[in-house]
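A short write-up of the structure that comes next.
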Amino acid sequence: MDGIHDLGGKQGYGPIEVDDEGGPFHEDWEGREWGIAQCARTPGITIDWWRHCRELIMPVDYLGRPYFDSWAQTDFSTYIEAGWMTLEEIAAVKSLEANREHGEPPAAMTLQQVLQEDHDHAFRFDGEIEAAPVFSVGQRVVTAKHGHAGHTRLPQYARGRNGTIQAYNGAHVFPDLSARGTEVHQHCYNVMFDAAELWPEASGSKDKVCLDLWESYLRGA
Amino acid sequence: MDGIHDLGGKQGYGPIEVDDEGGPFHEDWEGREWGIAQCARTPGITIDWWRHCRELIMPVDYLGRPYFDSWAQTDFSTYIEAGWMTLEEIAAVKSLEANREHGEPPAAMTLQQVLQEDHDHAFRFDGEIEAAPVFSVGQRVVTAKHGHAGHTRLPQYARGRNGTIQAYNGAHVFPDLSARGTEVHQHCYNVMFDAAELWPEASGSKDKVCLDLWESYLRGA
Amino acid sequence: MSDFDAKKVAEIHEHLHSHLPSESALRVKALETLLVDKGLVNPQTIDAWIEAYTEEIGPKRGARVVAKAWSDPDYRQRLLDDAPAAIDELGYLGKATAHLKVVENSDTVHNLVVCTLCSCYPFSILGIAPAWYKAAAYRSRAVRDPRGVLAEFGVDIGDNVEIRVWDSTAELRYLVIPQRPAGTEGMSEDELAELVTRNSMIGTDRDLGEG
Amino acid sequence: MSDFDAKKVAEIHEHLHSHLPSESALRVKALETLLVDKGLVNPQTIDAWIEAYTEEIGPKRGARVVAKAWSDPDYRQRLLDDAPAAIDELGYLGKATAHLKVVENSDTVHNLVVCTLCSCYPFSILGIAPAWYKAAAYRSRAVRDPRGVLAEFGVDIGDNVEIRVWDSTAELRYLVIPQRPAGTEGMSEDELAELVTRNSMIGTDRDLGEG
């Protein structure tokens, strides 16, 4: 999706507010949203579908609202789409399920339980596939010219560009399909690009940009 | 500039509000801004510099404010940059030039005078140059892969793409330099692209997109 | 005089972001007040520009050009050959039309005009652009999803028809000549002009129906 | 269950745009209230997650890993070979670090980490990302103008140093190992860990100065 989220290399976003030395959450609601996102996930959701739902936020809201606010907006959208709640319930700020028997809420988790869950939820995204990797380290490749209309992880700034395979990462879940609920592994590589290949003003630079890219984003150069 | 203004093909902007059957201005201030933009231009300004100043508006304002409001913002910025007014004067909403003798304001123009000026200001942007056009009608060309960091009129969606010269437009003022105050003419062509060359989902389409592009944006294919 | 200093302008925009009044009307009011106070603008001239583009210059001009092209094959040819000169036969040359081009619809071709980079529009012949033409939704989608865009305008384009989208990236401006409706053979130019909608001259309308 | 219906989600976002409360705090409050009312979430578990990422999980973990890598060549090698296993020696494996990679600064290379497409971050080892990391300014500029970005952080990178920007486009996450400052030979791991800033592990800090 050529959405507002695809920010790499876009211009006009001004200087960086470099000071951020406070705690992890600057306002209470930020922490609440962080916690909600950890413990309220619809069945079968994938990280890529969640990311895509965030990408689909209206551009003016994506840019104009604080970061964790956009998480809340994303959560709302996934909950509604998956049937957890309705727009009417959100307007009323209460459950309107007429015949619903309020079940027991999930048991409270302690700090120790949460820390254990954080540790246990070090999700891996790699897996074995039959096909051998097409590319090898050191090989020159060129990225796809086109993105696609749905979720994808080849940023616009790195399309149609020449780079070099720097590492093989293994076969990882392919995000373009995972965002549609289908888990398929595909070989994934780290690809290094000369800055001058990406940016008109970087001519003569020795700097590099490295991206982890899936095999179907790449062709032999 | 890879700015927020470069909207062609970007996704996520939602449905079109197709109804607009009222008059040309929906609120009084829109007409006022239209009129201001017609009669208050700093000396030496070019259309491309004005466009670039509009492109430089903060993305959240570019998307979040009404159209003629972004014209007002653009005018403010050109007036300040050219020394017509200061940020302090804008905050005070009055001239703070201590020693300034208020000159007579320009004479009021009548409707007939304005209509005559509209007619007389059918600016032409073409001119003679010595070099012959490099490309001819029917020739295949490929557009530049890179934009550049300043103002340019090769949209991101049409970079690194193959097309066909459809018409020669003459030598026109080159916007990339005009936005920096330098008027140089360069050959300009209409280039036709297959939709499928531009958009991943347009495979098999017979539709076309046509752009007017300057010679330095193009290479022989 | 300008220094053409983009960095400075970006900083000005950031400053104005937090220092201008919060409403559009107040921002424009401040702009006019200051220009008048500095003797740079006469407010009556602003009035005259508003009147010009409300009463005199608008899509009725384009409709007149289209009706004349439908009625007069020689005029149609002059329009195709040199649109600025042809519209100036009617006195319509002006703002943003010195490099006008006309593009004709046919049974197999439909034309659609957009400006993806700003909102370029042939002012002197169509007046002020409609709100949707200047909105991000139209600017982003017209080049990528013209059939979807047209469907939202209630226009279905058959698979046998090629759509040509004209993105106004230079100073050329485009006027679409829609197809003359059937059953209008006996009509005068005045009557024909009544049939021509603004949207049909941008390309978001196609079949103008019978008179 | 989700239908993975992007069109529907876009419409939901448009609806929420005009129907949610106008302040962030109120929006999140509504979200939590409704989840609790539906019995989908226990608010005490939210409290526990906040406590975990305020008191326990944060950049001190990363600093400990860096200090250990500085002090123990074998550990450094294990970290380079298999970072998830190496951080789990300290119990730090967790959210978003199952595919962690470490990248080392040297006299001739400086590493900088960004996620241009969202804001991917190695949570279990660095905690919650700083605000600037998640902001459009950093996400847009880090890949295109790393030297300008670093200058805004007060870090000047000489022409003899190559900058490598790591854009986190897949599930790999990056931890920068800054250079060990001179004059710290006698320091304990605890003392060394005190020198390591959060920014130095993202790459927006370079010279950690003497201890």
Side-chain angles (χ1 to χ4, degrees), chain B residues 5 7-10 13-14 16-18 20 24 29 31-33 35 38-40 43-44 49 51 53 56-58 66-67 69 72 76-77 80-82 85 87 93-95 102-103 105-106 108-109 111 114-115 118-119 122-125 153 155 180-181 188 199 206-212, chain C residues 1-2 4 8-10 12-13 15-17 24-25 27-28 30-35 37-42 44-46 48-54 93-95 97-98 116-118 127-128 130-132 134 136-140 143-144 152-153 162-167 169-172:
Chain B
H5 70 285
L7 284 166
K10 298 296 192 296
Y13 287 95
I16 295 162
E17 295 185 31
V18 299
D20 184 29
W29 65 265
R32 301 312 295 172
E33 171 51 35
Q38 301 323 307
C39 60
W49 171 240
R51 285 193 187 120
C53 290
L56 291 162
I57 290 173
M58 289 176 67
Y67 178 73
D69 196 345
F76 269 125
S77 71
I80 297 166
E81 197 265 347
M85 53 182 67
L87 293 165
V93 197
K94 65 175 187 181
S95 176
H102 279 257
M109 288 174 76
L111 175 62
V114 155
L115 290 171
D118 192 279
H119 184 271
F123 288 113
R124 295 190 68 93
F125 293 83
R153 298 289 287 185
R180 287 179 269 166
C188 181
W199 317 116
K206 62 161 71 173
D207 296 338
K208 306 284 192 290
V209 182
C210 309
L211 287 80
D212 292 303
Chain C
M1 272 299 286
S2 171
F4 303 97
K8 184 172 167 192
V9 167
I12 290 168
H13 283 312
H15 190 280
L16 293 174
H17 172 77
S24 304
R27 287 194 277 268
V28 173
L31 183 61
E32 181 175 345
T33 301
L34 201 44
L35 286 167
D37 189 40
K38 284 181 163 281
L40 293 163
V41 157
N42 189 311
Q44 288 172 271
T45 304
I46 297 174
W49 277 108
I50 295 170
E51 189 179 356
Y53 270 80
T54 305
L93 188 68
K95 203 173 286 294
T97 52
T116 63
L117 294 173
C118 38
I128 302 295
W132 53 260
K134 299 174 283 201
Y138 182 77
R139 286 170 53 195
S140 60
V143 285
R144 184 165 187 159
E152 287 180 28
F153 280 92
E162 171 191 316
I163 297 183
R164 287 186 195 159
V165 185
W166 302 83
D167 188 359
T169 44
E171 297 303 336
L172 285 80

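In terms of the salt bridge (charged side-chain N to carboxylate O under 4.0 Å, His left out) criterion, residue partners of B:Arg32 (sequence neighbours excluded) are, by chain and number, C:Glu32, C:Asp47.
In this structure, C:Ala52 and B:Leu115 approach most closely via the heavy-atom pair CB-CD2, 3.8 Å. Minimum heavy-atom separation, C:Arg144 to B:Gly9: NH1-O, 2.8 Å. The shortest non-hydrogen separation linking C:Ala98 to B:Ala122 is CB-O, 3.3 Å. For the pair C:Ala48 and B:Val114, the tightest heavy-atom approach, listed with the atom from each and the gap, is CB-CG2, 3.6 Å. Residue C:Ser2 comes nearest to B:Ala82 through the heavy atom pair N-CB, 4.1 Å, listed as atom of the first residue, atom of the second, then distance. For B:Tyr13 against C:Ala137, the heavy-atom pair with the smallest separation is O-CB, 3.5 Å.
If you measure heavy-atom distances from B:Cys188 to chain C, the contacts under 4.5 Å come from the side chain alone. When heavy atoms are compared at a cutoff of 4.5 Å, B:Glu17 approaches chain C solely by way of its backbone atoms N, CA, C and O. Only the side chain of B:Asp69 comes within less than 4.5 Å of a heavy atom of chain C; its backbone N, CA, C and O stay farther away. For C:Lys8, the part lying under 4.5 angstrom from a heavy atom of chain B is the side chain only. Only the side chain of C:His15 comes within less than 4.5 Å of a heavy atom in chain B; its backbone stays farther off. Only the side chain of B:Tyr67 comes within contact range of chain C, with heavy atoms under 4.5 Å apart. Contacts of B:Leu111 with chain C are made by both backbone and side-chain atoms, with heavy-atom separations under 4.5 Å.
For the salt bridge (Lys or Arg N to Asp or Glu O under 4.0 Å) with C:Glu171, the qualifying choice from B:Arg124, B:Arg51, B:Arg153 is B:Arg51, the only one to do so.
Of the listed residues (C:Thr97, C:Val143, C:Leu93, C:Thr169), the greatest number of heavy-atom pairs within a distance under 4.5 Å of chain B belongs to C:Thr169. Interface remark: of the candidates B:Val209, B:Leu56, B:Asp212, B:Val93, B:Asp212 forms the most heavy-atom pairs closer than 4.5 Å to chain C. Taking chain C as the reference chain and counting heavy-atom pairs below 4.5 Å, the highest number among B:Gly181, B:Pro43, B:Ala72 is found for B:Gly181. Per-residue counts of heavy-atom pairs under 4.5 Å with chain C were compared for B:Lys10, B:Arg180, B:Glu81; the largest is that of B:Glu81. Between chain B and the options C:Leu117, C:Val165, C:Val9, C:Thr54, the largest number of non-hydrogen pairs under 4.5 Å is found for C:Leu117. The residue among B:Pro66, B:Ala108, B:Gly35 with the most heavy atom pairs within less than 4.5 Å of chain C is B:Ala108. Most heavy-atom pairs under 4.5 Å with chain C: of the set B:Cys39, B:Gly44, B:Ala40, this distinction falls to B:Cys39.
C:Leu31 places none of its side-chain heavy atoms less than 4.5 Å from the side chain of B:Trp29. A heavy-atom distance below 4.5 Å is found between the side chains of C:Trp49 and B:Asp118. For the pair C:Leu16 and B:Leu87, the minimum side-chain heavy-atom distance is below 4.5 Å. Looking only at side-chain heavy atoms (C-beta outward), C:Arg139 and B:His5 come within less than 4.5 Å of each other. C:Asp167 has its side chain within reach of B:Pro155: a pair of non-hydrogen atoms, C-beta onward, lies under 4.5 Å apart.
By the neighbour-count criterion of 12 heavy atoms within 6.0 Å, atom NZ of B:Lys206 is densely surrounded, having more than that number from other residues, nucleotides or ligands.
The closest donor-acceptor contact from the side chain of B:Asp20 to the backbone of C:Ala131 lies under 3.5 Å.
Note: B:Ile16 CD1 to C:Tyr138 OH = 7.5 Å, rounded to the nearest 0.5 Å.
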